[in-house]
Amino acid sequence: REKRLTLPPSEITLL
Amino acid sequence: GLTQVGIMEPVLIRVPKCASTLGIAVEGGANTRQTLPRITTIQKGSSAHICGRLRVGQVILEVNGVSLKGMEHRDATRVIAEAYKTKDKDFVDFLIAEFN
């Protein structure tokens, strides 16, 4: 069975 | 023959603080899909733009010798912001990974 790694997208910060 | 594909080559880029803002937007950090901060935007007229060596898509490995590996987005962006804010140095050193 395929195992998927699901990580959330990141926020974006202006520096 | 051998073909090199996607070799990450770390490059040190020194950005002089020549404008009021650093002018990069970054995404990513530990526990996100993009585990190290990646440059998504460079603002015109900012120090990053005037320096001319940072590019959208580059990944930031270190800031002034501090590794961003394992840092979550908020901590990594704080390191970058403080490096720009400090009066100890008139530049920020970025160790950048770019695909050659």
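All values derive from a computational prediction rather than experimental measurement.
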Point to revise | chain A contact via B:Q43 - side chain, backbone, both or neither, heavy atoms under 4.5 Å | key: side chain

Revision key, fill the gap. One should read off an interatomic distance between A:I12 CD1 and B:I39 CD1, to the nearest 0.5 angstrom, of 12.5 Å

Check your understanding: Could you state the interatomic distance from OG (A:S10) to CD (B:Q34), rounded to the nearest 0.5 Å?
Key -> 8.0 Å

Review point. Going through the checks in order, is the side-chain contact (heavy atoms from CB on, under 4.5 Å) test met by B:V26 and A:L15?
Key: CA-CA 8 Å; B:V26 298; A:L15 294 156; 3.9 Å; yes

Exercise for review: Before giving the answer on side-chain contact (heavy atoms from CB on, under 4.5 Å), spell out for B:T32 and A:L7 the whole-Å C-alpha distance, their side-chain angles and the decisive distance to 0.1 Å.
Suggested key: CA-CA 5 Å; B:T32 72; A:L7 286 168; 5.6 Å; no

Review point. Chain A heavy atoms under 4.5 Å from B:T77: which part of the residue, side chain, backbone, both or neither?
Key: both

Practice item. Determine, using the 4.5 Å side-chain heavy-atom cutoff (strictly less than), whether B:I60 and B:F91 are members of one ILVMFWY cluster. Key: no

Study note, to complete from the structure: Heavy-atom closest pair (A:T13 atom, B:H73 atom, distance to 0.1 Å) is OG1-NE2, 2.6 Å

Review point. Do B:L22 and B:V11 share a hydrophobic cluster, counting only Ile, Leu, Val, Met, Phe, Trp and Tyr and linking them when any side-chain heavy atoms are less than 4.5 Å apart?
Key: yes

